[in-house]
Amino acid sequence: MSQLELNSELDENFEERVTYFADVILPIPLPGTYTYRIPRDLEEHIELGSRVVVQFGKKKILTGIVKLVHETVPKVYEAKYVLDSLDHAPVVNTFQLEFFAWLAQYYMCTIGEVLNAAMPSGLKLTSESLIQLNPESEVLGSEMEYSAKELAILNALKANDRLSFDQVSELLGVKMIHPVLKSLLQKESILLFEQVKDKFKPKTVKTIGLAGQFLEDESAMQLLFEQLEKKPKQQAILLKYLSLTRMDEGETKVRDILKSSLLTGDLSASSLKTLVKNEIFIEKEKIISRLDEIDGELEKNHSLSSEQQKALEEILLAFQKNKPVLLHGVTGSGKTEIYINLIQQALENGGQVLYLLPEIALTTQIVSRLHKVFGSALGVYHSKYSDNERVEIWNGVNNAKINLVAGVRSSVFLPFDNLSLILIDEEHESSYKQYEPAPRYHARDAAIWLSHLHQANVLMGTATPSVDSYQNALDGKYELVELPQRFGAGKLPEFELANILTSRKSKRMKGDFTPELLEGIKHTLEKKEQVILFQNRRGYSPYLICHDCNHVPKCQSCDVSLTYHMHNNVLICHYCGHKESVPAICDACGSTAIRTVGFGTEKLEEDLKILFPEAHIQRMDQDTTRSKYSYQHIIDRFERGETDILVGTQMLSKGLDFDKVSLVGVFDYDRIVHFPDFRSHERAFQLITQVSGRAGRKDDQGKVILQTGEPDEPLLYKIRTGDYKSFFQTEILERQNFQYPPFYRLIKVILKHKEKNILQQASKHYAGRLIGELGRQRVLGPQQPVISRIRNLYIEEIYIKIEKKKINVNKVKELAYKLGLDVKQHRDYKTLRLYFDVDPV
DNA sequence: AGCACGCCGACT
DNA sequence: GTCGGCGTGCTC
């Protein structure tokens, strides 16, 4: 190569030698992004949305998402290198990056917190620090002087070859292991390294196929048969294989079949092993999808009733106006059929569909219905699914294999790039709002914002619209479509009010059952029909109390009574998870007279067993539905009529249709309606309407027996007559008079500190500053929440209340945030923790 | 949020 | 004297 050419090549290289930097979002609650230098060999793999592995701090290795690639050299610090890139194509798209940033801004949290909630943990790698013996230390080893601890570690390493920090700590029985490790490192006896683990494991199956030569060569097969003549077990396997692959009928295609399908009956696994060893069969491992495959014909959708058709046309018309549509359709009006119709249209036009459902509704008939219609185009995203399954859904959406997702609130985070329809079923459900941890987002509102990004249509459906959404519809922000008829002409259930007070006075109550309800249950059972008993969960956990001194066992680090769990006889703190066994004697006075109080579904179930010993009773609550399929099993048994009485909480009210339920009993209407918060009426209307909807389908009019101490309570009349509009009119006036949403926007500020006094001072100070800026009437509190201490931190709350019109929310958010930083400057308040909950429910 | 570093009291 | 407790500050 000539001198000239060499020079020009150098020049060219020199010019190309721009260093790229990546701003990386890390899944940690810190504001902002972090800038890393992209090594040249990774340049072509790293783009917006790529997953990268970076070192953060001294030892943490994290997976982050690239938010920006640029050439600006950071001035104040030396950027570390990106260690690796994980994918060939980005796992997060630009819609998502924008969406995440919006969520962080709107809900006042860090983008890292959003990322953390968004990605299934299988896509987030974590590192584990490990140590191993330094192979070169053998030479030096003998001359070294080691302490007892050091020797213990070295000996353990000889046996184990690598140890994690936790293991070392366990080995030594000490938490402080760093000094010891440091000393060993200095002596060069050990090596320290980080192991990055990819947590996602594809699901595999073992397959068996016949080795090639037997397929091609008839005579080889002949020979094989002769060889196996004396080995009947192996021969049996070969015959089974041939019959399964139909090769005996002359088909010659190479076929791998499932190992499990071959080893049925008395065929032995060890014989097969021998066959594999002798290279007659070949065993392979095949990666398969965890997502259910659907066999057979997909179901055609049913034709719509004229009511449904009319609603559908109205919806399509409303979509033209580019506004979200609120579909107000009474229970049983057949909303699902309309959804299916819209989904089909969207999919046929090549768009993606997101169908949001509350968690409990998702495990039911709706999903199996969708499965029948849409088959493997449907992905289900549910919290009870394993993380690996979630990764598969994520990837499925990302590579366009899945175009329809039915999922819980977190499915708004999936990598859609072409959403054309978002359905939000049971729009009023408060479980769409996440409370702990941040991001405290509302999936309905987030989904509506997401729809703007994608230019997607939005349909919200419910029998009992939230006050917020209905007002939005009246304001013209949403389009309202009504579906007033019950599909199949079922009637509203008949309501009977059972007066608890009069029954109690005349001593006719049996435990918590009024004579009316008992009579009703008896009657229904005699008719061989089914009963659902509904018990509100709020504030109803059973606990222990000492008969002699009234002492109630409390959690040591939270300000709550421990909840008593009858089935395994333990006390559990529902806030921090602390568990303890039931004490034999009272901690306070030593008495043995400890009894259980409070009445949850467990207690109800026990009572029912005594009152109706013949009946099959099943309880359905958090406790009995912990595992993935337990909910489905309970429902199935009930559907098959194996259960007569189903006792449960809220989860009974969602998306379940049973034909033989003719009685619904409601226990604690009074508690629901008098719950101390401004949404209690709204919640009562929704809840009672929804559970009542479970009574009586098709031909029969069902019955609801509602136990209450005040049968004349005004809201009750509206619930009984199903008069949503009248409920709404009364409620909306209240909201206006008392300055609540939807006219005012709320931001809850949560302050925590381990010192009660300091917390109170700091909260007062913070509230004072807020009042100074916003005025007295816009700030409520500070006040102690019902649970005033969790995990040893005391809690205070402040509500910021601002008019939706006139005031710029973003300014207020900024102010609240800055004042928080300000207060934390004060040297007494440095460890104060501040959290925000925007639009709390 | 972790995690190191540093200062402090309390024990083998 | 170490061990283990926090408070404080930093992470590209």
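Quick note on labels: first sequence line is chain A, next is B, and so on, each numbered from 1.
As judged by a 4.0 angstrom heavy-atom cut-off over every strand, A:Lys75 is placed among residues making no nucleic acid contact. Counting any heavy atom pair closer than 4.0 Å across all strands shown, A:Leu26 reaches no nucleic acid atom. When heavy atoms are screened at a 4.0 angstrom cut-off, A:Tyr36 is found touching the sugar-phosphate backbone but no base atom.
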Would you sort out whether A:Phe413 and A:Tyr441 count as a ring pair (Phe, Tyr, Trp, His ring centres under 6.0 Å), showing the intermediate values? CA-CA 11 Å; A:Phe413 296 121; A:Tyr441 66 104; 5.2 Å; yes

task: Take A:Asp23 and A:His70 through the test side chain to side chain donor-acceptor pair (under 3.5 Å) and record every step on the way to the result.
output: CA-CA 8 Å; A:Asp23 290 354; A:His70 58 86; 2.8 Å; yes

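Phosphate proximity of C:dG7 to A:Lys754: present, with a side-chain N or O under 4.0 Å from OP1 or OP2. For A:Lys80, a side-chain nitrogen or oxygen approaches OP1 or OP2 of C:dC12 to under 4.0 Å. Distances shown here put every side-chain N or O of A:Arg827 at or beyond 4.0 Å from the OP1 or OP2 atom of C:dG7. At the phosphate of C:dG7, neither OP1 nor OP2 sits under 4.0 Å from any side-chain N or O atom of A:Lys830.
The pair A:Arg37-A:Glu78 meets the salt-bridge criterion, with a side-chain N (NZ, NE, NH1 or NH2) lying under 4.0 Å from an Asp/Glu carboxylate O.
Distance, A:Arg833 CZ to B:dG2 C1': 12 Å, rounded to whole Å. Here C:dC12 presents its P atom at 11 Å from CG of A:Leu83, a figure rounded to the nearest Å. Distance CG (A:Asn792) to C1' (C:dG5): 15 Å, rounded to an integer number of Å. Taking atom NZ on A:Lys824 and atom P on C:dG7, their separation rounds to 15 Å, with Å as the unit. Here the P atom of nucleotide B:dA1 and the CD1 atom of A:Ile111 are 18 Å apart, to the nearest Å. Atom-to-atom, CG of A:Leu30 to C1' of C:dC12 comes out at 11 Å; the value is rounded to the nearest Å. One can place CD1 of A:Ile61 at 15 Å from C1' of B:dG2, the figure rounded to the nearest angstrom. Atom CD1 of A:Ile28 and atom C1' of C:dC10 are 11 Å apart (whole Å).
In terms of polar N and O atoms assigned as donor or acceptor, the side chain of A:Tyr34 never comes within less than 3.5 Å of the base of C:dC12 in a complementary pairing.
Using cut-offs of 30° and 60° on the angle between ring planes, the pair A:Trp102 and A:Trp449 is parallel. By the 30° and 60° cut-offs, the orientation of the rings of A:Tyr385 relative to A:His382 is tilted.
Among B:dG2, B:dA1, C:dT11, the nucleotide with an atom closest to any side-chain atom of A:Lys60 is B:dG2.
In terms of position along DNA chain B, the nucleotide closest to A:Tyr835 lies nearer the 5' end than the nucleotide closest to the other residue of the pair A:Lys58 and A:Tyr835.
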